[in-house]
Protein chains: 2
Amino acid sequence: MADLRGGDLSRLRQLNSLTAIRALRRAGPLTLSALAERTGLSRPSMKEVTAELMELGWVEEVPPSPGTMGRPARRYRFRADSGHLVGVDIGGHNIRAALSDLDGEILAETRQPVSPDDPLEDRLAAIERAVSGCLALSRTTVDDLWTVAVGTIGVIDPEGRVVYSAAVPAWRDLDLAAELRRMFPCQVLIENDSRLAARAEHRRGVAKGARDVVFLHVGRRMGAGLIIGGKVHRGFGAASGEIVMLPEARWFHAPEHLNTCVSVPDGTPPEDAAGYTLAAARNGDPAALEAVERYVDDLAVGTAAMVLILDPEMVVLGGGFSRSADVLLDPLRRRLERSCMRMPEVRASTLGDECVVVGAIDYAVDHLDDQLFTPDSGPLPVTR
Amino acid sequence: MADLRGGDLSRLRQLNSLTAIRALRRAGPLTLSALAERTGLSRPSMKEVTAELMELGWVEEVPPSPGTMGRPARRYRFRADSGHLVGVDIGGHNIRAALSDLDGEILAETRQPVSPDDPLEDRLAAIERAVSGCLALSRTTVDDLWTVAVGTIGVIDPEGRVVYSAAVPAWRDLDLAAELRRMFPCQVLIENDSRLAARAEHRRGVAKGARDVVFLHVGRRMGAGLIIGGKVHRGFGAASGEIVMLPEARWFHAPEHLNTCVSVPDGTPPEDAAGYTLAAARNGDPAALEAVERYVDDLAVGTAAMVLILDPEMVVLGGGFSRSADVLLDPLRRRLERSCMRMPEVRASTLGDECVVVGAIDYAVDHLDDQLFTPDSGPLPVTR
DNA sequence: TCGACTTACGAAGGAGCCCTTCATTACTAG
DNA sequence: CTAGTAATGAAGGGCTCCTTCGTAAGTCGA
């Protein structure tokens with residue numbers, strides 16, 4: 001709770017530097033006066049702060065904006081291009097990668113199809129291909145990368161080792177962090193994909209600004225990500241959100257209702273069955289509608305558990321099936337209304353399939369922020 | 001997430017004052033040097049801070065401790081006696097009250113038996129009697145009270161209105177905060193009892209210092225309190241922890257296994273039946289042991305849901321039945337080991353029946369801290 | 001009882017950070 | 001070209017913190 005460390009003058013300056021960087025990251029190029037006003041500091045102080053940040057390479061000057069009254073003010077911006085971040089979504093059937101600048105602005109994206117049964121080497125090679133594709137698209141090199149953040153299904157321990165993965169056999173017990181560190185000469189972060197998706201939805205999606213959010217990551221596999229107190233909740237062993245493991249919560253087998261619907265034509269590849277059922281339900285197919293009902297019945301049990309336990313502001317339906325949110329949302333709301341103490345908002349994800357990659361980028365950005373913004377290590381690191 | 005306000009010199013001083021108060025509250029009387037060391041400030045600076053705090057009445061000098069080498073250092077302490085706090089536990093069958101100083105040190109306690117069927121006026125009168133009993137015991141008056149914090153079963157909305165109460169019929173839809181404010185001319189706080197118990201266990205009980213804790217409030221009624229990120233989690237509508245409302249979690253009817261055990265002699269008052277069963281189980285009575293098994297089976301389902309969702313560091317078994325933790329803990333651990341991804345520590349409450357009152361006191365202390373320690377309102381208020 | 005030792009006190013001087021103020025500079029509008 | 005506007009840069013002052021040093025008030029041992 002309490003750190004008992006008092007403040008120093010230099011800490012004050014640090015704090016103000018960080019505040020300035022934040023303001024610049026948030027609002028693009030700013031003049032000294034604008035910065036001063038936003039941060040509440042005086043202009044001369046702001047000037048010193050800015051000079052220091054320029055010295056350190058975090059901030060650079062841009063040409064003044066023309067056409068204004070009076071003497072043109074110098075403008076400064078955060079050097080988002082002094083490095084790059086990569087986010088990777090390692091799914092069962094696809095590996096997606098995205099490259100962004102230090103502000104999280106996405107500059108390139110790629111996708112590599114894989115199969116759940118691929119041997120380990122093939123998967124790792126696909127990751128490398130996906131990332132180098134991004135690098136090529138944006139004409140950067142691997143040396144420009146500051147951070148690679150990876151999201152994957154399964155439970156990842158705090159050190160980046162895969163503890164459990166039902167979906168990808170080759171994944172189990174893999175020291176994924178070590179493999180990736182071998183691949184990329186920069187910081188590597190690993191996180192559960194549902195938590196990344198929740199993060200993305202909270203930073204730039206439908207749950208922006210909400211304090212407590214339950215994110216349902218529904219697709220061929222089920223998962224959940226929690227935002228509590230405005231922060232992603234990982235849990236003590238990084239295993240939060242695994243309600244799917246509890247039989248009574250009825251999540252594990254829930255997708256089968258969609259897969260085994262009689263409306264699905266014979267010969268449909270198994271990975272497309274659920275999508276077919278959902279589409280059929282949208283068109284009013286009675287058997288499909290009934291399958292969706294049964295699916296939502298199950299989905300609602302685990303969801304109600306989370307809602308009753310956490311009393312969140314909002315429940316976000318995301319993941320592969322959220323494309324069919326129009327079919328799922330209303331039944332889900334009806335079920336939840338029956339069991340919940342206080343009904344939360346129930347909304348569909350706005351990021352869709354991208355949510356995990358985007359969340360990985362956001363994770364990298366946040367991690368960078370943490371490094372910048374809690375510099376117990378002393379002054380800001382020099383970049384250039 | 002980010003407040004974009006830069007720091008001022010005065011803010012630095014404020015921060016240091018607050019740090020000093022914290023250190024004093026935590027570690028009792030301290031000398032200037034000790035304070036300086038703890039806070040990282042220099043002694044001269046600490047001296048100025050202390051002088052200011054004495055001026056404002058927050059801190060006072062105590063006689064130096066004798067028998068030390070060198071010149072005796074002046075010692076200072078937080079003036080915990082400049083006001084008093086009251087905690088109240090409104091249960092179905094008992095109303096407990098405790099009075100403490102501003103540090104949360106308990107000075108007096110009282111108890112008033114009530115019945116769940118008592119009319120509203122009787123209950124409110126009992127509350128008043130319990131509190132004035134404390135005041136009399138500690139020779140204080142109601143004017144000395146800074147805060148009254150109340151814990152009660154049921155769901156309380158953020159404004160202090162009782163939304164739902166299965167246990168106490170007269171409680172429903174009551175504006176409890178308003179009633180209590182009429183009774184006590186000071187700040188009144190209302191909170192769910194399970195959350196208060198969790199708070200107590202986290203501040204001074206078995207879960208001290210843990211970051212994420214699931215507190216099981218088991219007794220004739222079931223409840224849960226969550227500590228997430230070192231803070232009590234209330235939820236958006238102050239309705240967190242209500243897993244008991246979910247039939248699939250099997251909490252609601254769980255205590256019946258203990259009440260209906262065949263070993264309980266006829267004529268045992270219903271409120272003592274569970275206690276009898278637990279005692280019999282401790283003595284090896286087979287029917288009682290079986291009832292306990294069934295009880296724990298149910299208890300474990302809801303608990304596993306919370307553990308899987310949150311991945312806490314620790315599960316604390318508290319509430320009335322925690323007196324029989326020796327009978328319950330091992331079976332509970334065995335059940336949880338089967339269903340949990342990562343097994344948390346499972347421990348018994350150390351505060352027992354007192355946990356809610358104590359938690360109420362702690363809530364009042366924390367609330368005071370918040371007022372002191374986030375003084376956006378400006379300088380510290382003067383006391384005296 | 002007295003000196004040596006230990007530890008805290010209090011005052012002085014200095015550095016860092018922020019603020020306000022004001023003359024100066026650069027650009028636009030007419 | 002002049003008036004008006006708005007940013008710039010430098011000077012001066014206040015607050016908070018730090019280090020340093022001589023002084024004060026105890027304990028310990030002879």
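Every chain is numbered from 1 and lettered A, B, ... according to where its sequence line falls, protein lines coming before strand lines.
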Query raised in the report: If we only count heavy atoms from C-beta on, is the A:Ile228 to B:Leu310 side-chain gap below 4.5 Å?
Result: yes
Requested in this report: Check A:Met46 against A:Ala20 and note the closest heavy-atom contact, atom names and distance.
Outcome: CE-CB, 3.3 Å
Interface polar pairs with nucleotides 28-30 of chain D, N/O, under 3.5 angstrom:
none

Query raised in the report: What are the two closest non-hydrogen atoms of A:His84 and A:Leu102, and how far apart are they?
Result: N-CD2, 4.0 Å
Query - Heavy-atom side-chain proximity of B:Leu135 to B:Thr141 below 4.5 angstrom - result: no
Requested in this report: Determine to 10° how strongly the helix from C:dT1-D:dA30 to C:dG30-D:dC1 is bent, judged from the axes of its five-pair ends.
Outcome: 0°
Report summary line: Correct closest heavy-atom pair for B:Ala198 and B:Phe215 would be CB-CB, 3.5 Å
Report task. Take atom CD of A:Glu37 as the centre, draw a 6.0 Å sphere, and report whether it contains more than 12 heavy atoms from other residues, nucleotides or ligands. Result -> no
**Report entry** Salt-bridge criterion met for A:Asp362 and A:Arg199 (N-O under 4.0 Å)
**Finding:** no
Query raised in the report: Rounded to the Å, how far apart are B:Arg75 CZ and C:dC9 C1'?
Result: 17 Å
Query raised in the report: What are the two closest non-hydrogen atoms of B:Arg43 and B:Ser33, and how far apart are they?
Result: CD-OG, 3.4 Å
Query raised in the report: Is A:Arg211 paired with A:Glu313 through a side-chain N to carboxylate O contact shorter than 4.0 Å?
Result: no
Query raised in the report: Tell me, for nucleotides 9-20 of chain D in 5' to 3' order, what letter each nucleotide earns: B for a base near a protein heavy atom under 4.0 Å, S for only sugar-phosphate near one, - for neither?
Result: B------BSBB-
Report task. Please report the shortest heavy-atom distance between B:Arg25 and B:Leu368, naming the atom on each side. Result -> NH1-CD2, 4.2 Å
